[in-house]
Amino acid sequence: MNRREFLLAAGAFAAASTLPFSGRLFAAPANTPRFLLVFLRGGYDCNNLLVPCSSDFYYASRPSLAIARPDSGNPDSAIALDADWGLNPVVRETLYPLWQKKQLAFVPFAGTSDLSRSHFETQDHIERGEPESMGNYRSGFLARLSGLLSGTSAIAFTNNLPLSFQGAQRDIPNISLKADPKAHFNERQAAILSGMYKGTPLAAASADGLALPKTVSADLRNEMVQASRGAPGARNFAAETRRIATLMREQYRLGFVDVGGWDTHVNQGSVSGGLANNLRNLGEGLAAYAEALGDAWNDTTVVVLSEFGRTFRENGDKGTDHGHGTVHLVLGGKVNGGRLAGEQVAVNQQNLLQNRDYQVLNDYRDVLGGLFGRIWGLTGSELQAVFPQAQPRDLQLV
């Protein structure tokens with residue numbers, strides 16, 4: 001790093017140090033609950049992950065995109081989960097084993113009351129966790145949850161603090177692990193930066209800002225070498241989740257990570273193509289996370305959601321457009337899985353919303369509220385603080 005690069009980095013670091021970042025590094029009790037929210041930004045096509053394979057309407061609506069009905073002689077056909085639903089075969093080696101272990105549940109017909117079909121509006125709606133009548137853009141539901149959980153350390157695995165963690169009563173660190181984690185400054189540069197802020201109100205924040213990447217770098221490099229056993233490192237989301245697991249296993253108990261690239265308007269594909277690649281990477285990442293946590297997986301719950309689903313019918317460009325209802329995934333060592341949870345209806349044209357989308361029968365705030373109540377034993381008033389005006393539903397997911 002030359003002098004100009006160092007000064008630019010120092011300036012950026014100084015600006016970042018004024019943000020709520022300074023959570024102290026510590027080891028949390030081993031058996032306390034862990035929760036990770038995985039946000040698929042872009043609106044993933046749930047119909048080509050959890051396949052309504054008993055629906056003739058599905059096959060009529062998707063002449064080029066549909067996943068074939070379960071067929072033992074066809075490796076590209078859906079994996080039967082029950083009489084009505086199947087799983088995209090690209091996650092046969094990753095998500096399906098978790099389903100078989102009853103560590104994966106699906107919540108179909110899930111989502112929000114937001115009908116804007118706008119990525120940004122609906123993402124914000126979800127991260128705020130408030131009814132549409134409220135609009136506090138500086139308060140996220142994970143921040144409010146964190147405020148209720150004394151002694152539960154929280155972190156966002158993102159470049160910038162997401163809305164869901166904004167407005168917290170305490171500092172929430174954020175660090176992206178998508179790339180190879182490296183400390184930004186060597187020992188001499190770190191000492192110079194630390195000296196710059198010594199005796200100022202930013203001293204603690206700057207010390208933490210320097211310590212976290214350095215600690216992460218050392219811990220994760222050791223972890224990756226041990227886990228790989230000489231094999232090349234996992235790619236894409238799997239590489240990220242193994243790094244996340246290192247921190248969630250030892251230090252943090254409440255986490256957030258997002259994954260982009262789910263807006264599939266053109267040439268979406270079925271068992272190959274852009275969506276299939278994303279689903280394959282997602283499955284690899286979730287399976288890698290479970291494996292890397294080891295025994296801590298038994299105290300872990302992961303929820304995967306997206307701002308909305310896609311249109312049920314494919315469009316003229318062999319893709320799908322912005323929809324409404326979607327399918328949430330709930331995973332963990334003690335998840336009551338191997339089932340579809342929540343309210344459901346038959347998959348046919350008559351049950352579509354506005355003749356185009358899945359309905360939302362399971363509001364995400366109600367589902368998460370019920371789940372949080374079981375994980376942490378939160379009271380009704382506490383759940384209202386996290387999700388105002390929600391009606392928590394206990395789907396017995398854990």
Side-chain angles (χ1 to χ4, degrees), residues 40 42-92 95-96 99 105-112 115-117 119 122 261-280 282-283 304-329 339-362:
L40 308 182
Y44 92 104
D45 180 30
C46 60
N47 298 301
N48 271 23
L49 174 62
L50 182 66
V51 182
C53 50
S54 69
S55 170
D56 292 338
F57 181 57
Y58 168 75
Y59 291 96
S61 299
R62 296 185 167 215
S64 67
L65 300 185
I67 308 297
R69 298 181 196 270
D71 177 356
S72 59
N74 179 6
D76 289 335
S77 67
I79 306 163
L81 301 181
D82 61 21
D84 296 315
W85 300 91
L87 198 59
N88 192 314
V90 301
V91 295
R92 185 186 305 276
L95 295 185
Y96 186 52
W99 170 271
F106 294 100
V107 184
F109 306 101
T112 79
L115 277 169
S116 68
R117 295 188 177 86
H119 292 300
T122 314
W262 299 93
D263 199 17
T264 51
H265 289 281
V266 179
N267 294 329
Q268 176 177 301
S270 55
V271 295
S272 62
L275 177 64
N277 290 337
N278 278 352
L279 291 174
R280 184 179 293 106
L282 176 67
V304 183
L305 52 73
S306 192
E307 64 263 37
F308 44 60
R310 314 293 296 184
T311 48
F312 195 78
R313 300 177 181 86
E314 66 178 73
N315 61 30
D317 293 318
K318 297 184 178 181
T320 51
D321 299 318
H322 298 178
H324 189 50
T326 183
V327 175
H328 297 342
L329 287 70
R339 66 190 180 101
L340 276 69
E343 187 176 348
Q344 302 163 41
V345 293
V347 179
N348 55 39
Q349 184 172 358
Q350 291 72 29
N351 286 330
L352 291 184
L353 173 72
Q354 299 177 352
N355 194 31
R356 56 174 279 161
D357 309 317
Y358 269 167
Q359 300 179 51
V360 170
L361 305 176
N362 303 289

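One is the number of the first residue; the rest follow in order along the sequence. Just the heavy atoms: all of them, side chains too, but no hydrogens, waters or symmetry mates, feed the values below.
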- Query: Do the ring planes of Phe109 and Trp85 sit parallel (below 30°), tilted (30 to 60°) or perpendicular (above 60°)?
  - Reply: perpendicular

- Message: Between Val360 and Thr112, does the side-chain contact (heavy atoms from CB on, under 4.5 Å) criterion hold? Intermediate values first, please.
- Response: CA-CA 7 Å; Val360 170; Thr112 79; over 6 Å; no

- Task: State the CG-CG distance between Asp263 and Asp321, to the nearest 0.5 angstrom.
- Result: 8.5 Å

- Query: Is a side-chain donor or acceptor of Asp317 paired with a backbone partner of Asn267 at a separation under 3.5 angstrom?
  - Reply: no

- Message: If I compare all heavy atoms of His265 with all of Asn315, which pair ends up nearest, and what's the gap?
- Response: O-ND2, 3.0 Å

- Message: Looking at every non-hydrogen atom in both residues, tell me the closest pair between Gln268 and Thr320 and how far apart they are.
- Response: OE1-OG1, 2.6 Å

- Query: Does the side chain of Asn47 come within less than 4.5 Å of Arg62's, by heavy atoms?
  - Reply: yes

- Go through the structure and list residues passing side-chain hydrogen bond (donor to acceptor under 3.5 Å, both in side chains) with Asp76, not counting sequence neighbours. none

- Assess the side chains of Asn48 and Arg310: does a donor N or O sit below 3.5 Å from an acceptor N or O? no

- Task: Search all heavy atoms of Gly73 against all heavy atoms of Pro75 and return the closest pair with its distance.
- Result: O-CD, 3.7 Å

- In terms of ring plane angle, is the pair Tyr58 and Phe312 parallel, tilted or perpendicular, where the classes change at 30° and 60°? perpendicular

- Query: How far apart are the closest heavy atoms of Tyr59 and Val51, and which atoms are they?
  - Reply: OH-CG1, 4.3 Å

- Item | Nearest-0.5 Å distance that lies between atom CG in Leu282 and atom CG in Asn88 | 11.5 Å

- Task: Identify which one of Leu305, Leu95, Val107 satisfies the side chain to side chain contact (heavy atoms under 4.5 Å, CB included) criterion when paired with Leu329.
- Result: Leu95

- Query: Do the side-chain N and O atoms of Arg313 and Asn355 include a donor-acceptor pair separated by under 3.5 angstrom?
  - Reply: yes

- Query: What's the spacing between Leu81 CG and Leu340 CG if we round to 0.5 Å?
  - Reply: 7.0 Å

- Item | Nearest heavy atoms of Cys53 and Gly86, plus distance in Å | SG-N, 3.5 Å

- Message: Any side-chain to backbone donor/acceptor pair from Ser306 onto Tyr44? Under 3.5 Å, distance only.
- Response: yes

- Task: Any pair with a residue in residues 346-361 that passes salt bridge (charged side-chain N to carboxylate O under 4.0 Å, His left out), sequence neighbours left out, goes on the list, sorted by first then second residue, please.
- Result: Arg117-Asp357

- Message: What's the separation between atom OG1 in Thr264 and atom CG in Asn278, rounded to the nearest 0.5 Å?
- Response: 8.5 Å

- Note on the structure: Distance col, row Ser54:OG vs Arg69:CZ, nearest 0.5 angstrom, shows 7.5 Å

- Query: What closest approach, in Å, do Pro89 and Ile67 show between heavy atoms, and which atom pair accounts for it?
  - Reply: CD-CG2, 3.9 Å

- Message: Quick check on side chain to side chain contact (heavy atoms under 4.5 Å, CB included): which of Asn351, Leu352, Val345 does Asn348 satisfy it with?
- Response: Asn351

- Task: Any chance you could measure Thr311, atom OG1, to His324, atom NE2, to the nearest 0.5 Å?
- Result: 13.5 Å

- Query: According to the interplanar angle, ranging from 0 to 90°, do the rings of His322 and His119 count as parallel (below 30°), tilted (30 to 60°) or perpendicular (above 60°)?
  - Reply: perpendicular

